[in-house]
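Beneath this line is the structure, given in structure tokens, with notes to follow.
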Amino acid sequence: MKENYEAVIGLEVHAQMLTRTKAYSNDVNEYGARPNTNISAVSLGHPGTLPRMNKKTIEYAIKLGLALNCEIAEHQYFARKNYFYPDLPKGYQITQDTTPICTNGHIDLKMKDQKVKHVGITRIHMEEDSGKSIHDVDVHDSLVDLNRAGTPLLEIVTEPDLRSGDEAYTYLTEIRQLVRYLDICDGNMEEGSLRCDANVSVRKRGAEAFGTKVEVKNMNSIRNVQRAINYEIERQIEMVENQEEIAQETRSFDAVNMRTISMRTKEAANDYRYFPEPDLQPLHVTQEDVESVRKAMPVLPNALFEIYTSSLNLSEYDASNIIASKPMAMYFEALRLHTSNYKAAANWMNGEVRSYLNQQGKTIEEFPLEPQQIAELIELIDEGVISNSLATQKVFPKMLEKTSASARTIAEENNLIQDSDEDSIASTVEDVLKQHQDEVDRYRNGERQLVGFFMGQVMKKSGGKVDPKAANKMIRKKLEA
Ligand code: ADP
Ligand code: MG
């Protein structure tokens, strides 16, 4: 029955911009400050105060618009969206109604099955956040914190192009990665600096007309957006199957019970009575403005992926793992200037370095070793000076304890330099064979797999310092002599 239906999904994302001050005042824009301390007459909406445009927000909007292949509007004005709410002291929100700064963009999602999913971006506009009503701190009263009032937001609206919770998940992951690379939003869904409303409808497969859409809010993680959408798709299909009518409504995601519940129906919808904001001048963005932002664009994840998989020959898996976090990618960018063994560099980043960070609960910015030090370690392995296993088990951990010493010094001080001297390997192998005469006989009677046993013994005897390839060759040579 499910196979006969298709879901249609459009997402509205709000991203809080990482500007120092708010959208239309000098109030500090920061998360987690004591309630009602980052406020002034402007964010409190006192009569007679005037908003003043924060230029940084325009630059950030253009940055995102360019990254999402949008057209940037030359002439824009701001609008007032009127509604009453205790955390909106002005009684209206300043937004862009009919003239969004960015339109007609798109993003191409790389899906797990290697397919590319094209998603249209209808618009991106600038607006301001409201304050915050807090209902779960005081037993008797609702509290209002106006620190967030006037925080600059970008709202990113997609075309109804998405078809599954999976696609929505991938879209949000890429949008979050993008805003982080652009350094315009911290992308933290738990703290609400990135929020997503999902519009979901279902239709019979093959049908052209869309079904009635339901808007779902209050998901505090990308995973929960996916869950809410999946729940909603099932609920709606069941309703259609039972010939029930789907109400156009807003629903809230309940993360405890993993379901959506009705908040309000469209009949009760607000009429916002938009009109042009008379206190802000119309905005004129010139071609030069756009070009100067374009020139200053940082490197984006797509471009890095292209370089890593083609020029550096990394696997798509390795490349995406590094690129997933911008600070990780920036570390790798520095590392690759000091080594040409990119594969090894990626292995170190995704392997030992990552597990150290996970164990210590640290971020790569707190990683104590310089990229040059990792590059030197890779070089020592490539030159056969230390074995790969001693490098990971002994040298790397000791480098982390004594971060000022070079990899070579550590290897020398701890007597970890690999033995590739033929005479010395030969004598270790001979010792081992003498001590295990039984196994030698069995080997000579055809139990060839015993070579692994001898390798183990040789490694043990040498403290792991013998070059394994040379040791393997020597063992066979002596056994077959
Ligand atoms: P509204 O006026 O209710 O906000 P919009 O037309 O602005 O609706 O669309 C809001 C979001 O809903 C957009 O992301 C859009 O792609 C999506 N959307 C519109 N119609 C549908 C539908 N029938 N099913 C799912 N999503 C839809
Ligand atoms: Mg809308």
Side-chain angles (χ1 to χ4, degrees), residues 5-15 64-65 68-70 73 79-83 93 95-109 117-127 130 153-172 174-176 194-219 222 225-240 244-253 260 262-274:
Y5 291 87
E6 177 178 61
V8 172
I9 301 151
L11 299 180
E12 294 167 282
V13 168
H14 285 94
L64 184 61
L68 290 172
N69 311 292
C70 293
R80 286 189 182 181
K81 179 180 180 177
N82 301 281
Y83 61 100
Q93 209 180 351
T95 180
Q96 294 190 298
D97 179 30
T98 55
T99 58
I101 182 160
C102 315
T103 53
N104 267 326
H106 69 266
I107 181 170
D108 288 323
L109 307 177
K117 170 73 191 185
H118 183 90
V119 180
I121 303 290
T122 315
R123 58 185 281 158
I124 304 171
H125 64 258
M126 299 180 276
E127 59 183 26
S130 60
L153 293 177
L154 288 173
E155 177 172 343
I156 311 155
V157 183
T158 74
E159 290 292 296
D161 285 347
L162 298 156
R163 293 291 173 268
S164 67
D166 257 3
E167 289 182 358
Y169 182 90
T170 308
Y171 171 79
L172 288 173
E174 295 208 10
I175 291 289
R176 183 174 62 184
L194 192 72
R195 309 193 284 270
C196 173
D197 301 337
N199 298 273
V200 184
S201 66
V202 298
R203 62 179 168 188
K204 281 258 167 64
R205 217 165 263 286
E208 267 200 31
F210 288 154
T212 305
K213 78 172 154 79
V214 166
E215 187 178 0
V216 194
K217 289 180 177 295
N218 298 331
M219 293 80 85
I222 295 183
V225 174
Q226 183 185 30
R227 290 186 178 122
I229 289 172
N230 288 343
Y231 177 89
E232 208 34 49
I233 294 172
E234 289 214 10
R235 189 186 68 87
Q236 292 183 19
I237 291 177
E238 204 175 300
M239 284 182 77
V240 178
E244 287 170 77
E245 200 169 323
I246 291 168
Q248 187 170 345
E249 61 178 349
T250 303
R251 297 176 71 88
S252 176
F253 181 63
T260 65
S262 185
M263 279 169 81
R264 53 177 181 263
T265 58
K266 264 289 164 184
E267 285 88 73
N270 285 307
D271 177 352
Y272 294 117
R273 296 186 187 269
Y274 286 98

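For ligands, and for the atoms within them, numbers begin at 1 and follow the listed sequence.
In this structure, Arg235 does not pair ionically with Glu238, as no charged nitrogen and carboxylate oxygen lie closer than 4.0 Å.
Near Leu11, meaning under 4.0 Å from any of its heavy atoms, are these atoms of ligand 1: 14 (O). Atom numbering of ligand 1 starts at 1 in the shown order; those under 4.0 Å from a heavy atom of Gly211 are 23 (N). Within ligand 1, counting atoms from 1 as listed, the ones closer than 4.0 Å to a heavy atom of Glu159 are 16 (O). Every atom of ligand 1 with a heavy atom of Val8 under 4.0 Å away is listed here by number and element: 24 (N), 25 (C). If you number the atoms of ligand 1 from 1 as listed, the ones under 4.0 Å from a heavy atom of Phe210 come out as 23 (N).
When heavy-atom distances to ligand 1 are checked against a 4.0 Å cut-off, Asn199 comes that close through both its backbone and its side chain. The proximity of Thr122 to ligand 1, defined as any non-hydrogen pair under 4.0 Å, does not occur for either the backbone or the side chain. Residue contacts with ligand 1, taken as heavy atom pairs separated by less than 4.0 Å, do not involve Glu215 at all.
By heavy-atom distance, the residue among Ala209, Ser201, Ala198, Gly10 lying nearest atom 24 (N) of ligand 1 is Ser201. For atom 21 (C) of ligand 1, the nearest non-hydrogen atom from the set Arg203, Lys213, Gln248 comes from Lys213. The residue from Val157, Asp197, Thr158 that puts a heavy atom closest to atom 15 (C) of ligand 1 is Thr158.
For the pair Thr260/Phe253, a side-chain contact is recorded, criterion being any heavy-atom separation below 4.5 Å from C-beta on.
Summarising the geometry, atom CG belonging to Leu11 is positioned 10.5 Å from atom OG1 belonging to Thr122; distances are rounded to the nearest 0.5 Å.
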Could you please spell out the steps behind the side chain to side chain contact (heavy atoms under 4.5 Å, CB included) verdict for Thr170 and Glu174?
CA-CA 6 Å; Thr170 308; Glu174 295 208 10; 4.1 Å; yes
